[in-house]
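One structure is given below, encoded as structure tokens.
In what follows, every chain begins at residue 1, and chains take the letters A, B, ... in the order their sequences are listed.
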Number of protein chains: 2
Amino acid sequence: MNRATGAVKGKRVVMVCGVPMDMANCPVRDVMDNIGGKWNSLMILSLADGPLRFSELRRLIPDISQRMLTQTLRDLQRDGYLSRTVYPTQPPSVEYALTDLGRSFLVPLKLFVDWSLQNHDAIRKARAEYDAVA
Amino acid sequence: MNRATGAVKGKRVVMVCGVPMDMANCPVRDVMDNIGGKWNSLMILSLADGPLRFSELRRLIPDISQRMLTQTLRDLQRDGYLSRTVYPTQPPSVEYALTDLGRSFLVPLKLFVDWSLQNHDAIRKARAEYDAVA
DNA sequence: CTGAATCCAAATTGATACTG
DNA sequence: CAGTATCAATTTGGATTCAG
């Protein structure tokens with residue numbers, strides 16, 4: 001064991017903000033691994049105003065492939081962010097809607113969106129300066 | 001052009017919350033592409049309490065490879081989240097510290113961390129139920 | 001309409017060895 | 001100490017085809 005960090009080799013323990021975190025079972029990483037995906041948070045934002053059908057989401061996000069739309073929706077449903085309702089019409093229609101959990105996630109998500117909009121220029125500037133040196 | 005969405009094929013325009021977003025130049029995605037990485041936000045949290053040296057970060061996060069530590073730090077520096085200071089000692093030591101931008105990002109980041117800790121159980125439960133059906 | 005299945009290209013990451 | 005360079009393994013994403 002590493003006395004300085006409390007880390008045990010093979011146990012993937014990390015110290016962050018003075019708190020030991022088991023990286024193999026870290027809640028933050030567990031959440032981020034899902035919503036950090038390429039389309040996941042955009043999908044949640046797209047459903048913020050109300051339920052949408054599969055084909056509506058496809059039109060709303062024109063550049064997502066069918067494969068990724070299906071997979072993203074399934075991943076988000078699996079973690080409880082949204083519900084999937086099948087209406088037995090012919091042909092069938094499927095509606096996706098945020099759950100309470102999904103709606104509660106809109107709070108930190110929107111704060112992140114706001115921060116991004118406010119600081120995007122600063123980031124682009126920093127990036128340009130960094131690249132100029134190199 | 002798609003009249004329903006305002007999307008122009010090949011222009012990657014997406015409607016979200018009623019606002020058209022150019023996916024090819026979306027501020028939110030631009031920010032997330034960097035801090036959404038596997039180690040990036042953990043790195044920012046690790047530096048929240050003060051500057052750390054390269055080797056200190058390595059000890060703090062035992063399961064990151066040297067390659068990813070270097071790359072993560074460089075990416076975050078490039079976007080202006082942290083500064084890199086070289087002390088010309090022998091052997092050299094390099095100190096990494098959050099910038100004002102990096103510290104300001106701690107606000108939405110910590111809100112996300114809190115949300116994750118509070119809702120992790122609900123997510124695990126939803127996941128278990130989903131898997132049980134399948 | 002709403003997917004599932006398959007194949008393949010590209011991007012990410014890890015392991016290892018080497019350097020000023 | 002603080003990296004760089006290289007290669008292999010894994011993951012991810014897109015395109016296409018098929019199906020209930």
Item to check | Sidechain-backbone polar pair: A/Thr99 side chain, A/Ser83 backbone, donor-acceptor under 3.5 Å | outcome: no

Checklist outcome for this item: Residues passing the side-chain contact (heavy atoms from CB on, under 4.5 Å) test with B/Val86, sequence neighbours excluded, are B/Arg84, B/Val94

Checklist outcome for this item: Rounded to the nearest 0.5 Å, the NZ atom of B/Lys38 sits from the CE atom of A/Met32 at a distance of 12.0 Å

Next on the checklist: Under the ring-ring contact (aromatic ring centres under 6.0 Å, His included) definition, can you give me all pairs with a residue in residues 50-100 of chain B, not counting sequence neighbours?
Outcome noted: B/Tyr81-B/Phe105

Checklist entry - With the sugar-phosphate defined as primed atoms, P, OP1 and OP2, and the base as all remaining atoms, what B/S/- string results for nucleotides 7-12 of chain D, 5' to 3', for protein heavy atoms under 4.0 Å? => result ------

Checklist entry - Residues from residues 69-97 of chain B sitting under 4.0 Å of DNA chain C, heavy atoms only? => result none

Checklist entry - Does some side-chain heavy atom of B/Trp39 sit less than 4.5 Å from a side-chain heavy atom of B/Leu69? => result no

Checklist outcome for this item: At a 4.0 Å cut-off to heavy atoms of chain A, the contacted part of DNA chain C spans C/dC1 to C/dT6

Item to check | Between the first and last five pairs of the helix from C/dC1-D/dG20 to C/dG20-D/dC1, the angle of the axes, rounded to 10 degrees | outcome: 50°

Checklist outcome for this item: 5'-most contact on DNA chain C (nearest-nucleotide basis), B/Gly37 vs A/Phe54, goes to A/Phe54

Item to check | Flag side-chain contact, heavy atom, 4.5 Å: A/Leu106 against A/Leu45 | outcome: yes

Next on the checklist: Tell me every residue that passes side-chain contact (heavy atoms from CB on, under 4.5 Å) with A/Arg127, counting only those two or more places apart in sequence or in another chain.
Outcome noted: A/Ile123, A/Asp131, B/Asp30, B/Arg78, B/Asp79

Item to check | Contacts of type salt bridge (Lys or Arg N to Asp or Glu O under 4.0 Å), residue B/Asp100, not counting sequence neighbours | outcome: B/Arg103

Checklist entry - Is a side-chain donor or acceptor of B/Gln77 paired with a backbone partner of B/Arg74 at a separation under 3.5 angstrom? => result no

Checklist entry - Considering residues at least two apart in sequence or located in another chain, which fulfil the side-chain contact (heavy atoms from CB on, under 4.5 Å) criterion with B/Pro92? => result B/Gln90

Checklist entry - Who are the side-chain contact (heavy atoms from CB on, under 4.5 Å) partners of B/Asn119, not counting sequence neighbours? => result A/Leu101, A/Ser104, B/Trp115

Next on the checklist: To the closest 0.5 Å, what do you measure between CG (B/Leu47) and CG (B/Leu73)?
Outcome noted: 7.5 Å

Next on the checklist: Strictly below 4.0 Å: does B/Arg53 bring a side-chain N or O up to OP1 or OP2 of D/dC1?
Outcome noted: no

Checklist entry - D/dA2 phosphate, OP1 or OP2: any side-chain N/O from B/Ser55 under 4.0 angstrom? => result yes

Item to check | Euclidean distance, atom CD of residue B/Gln66 to atom P of D/dT4 [Å, nearest integer] | outcome: 9 Å

Item to check | Gap between atom CZ of A/Arg59 and atom CZ of A/Arg53 - 0.5 Å precision | outcome: 8.0 Å

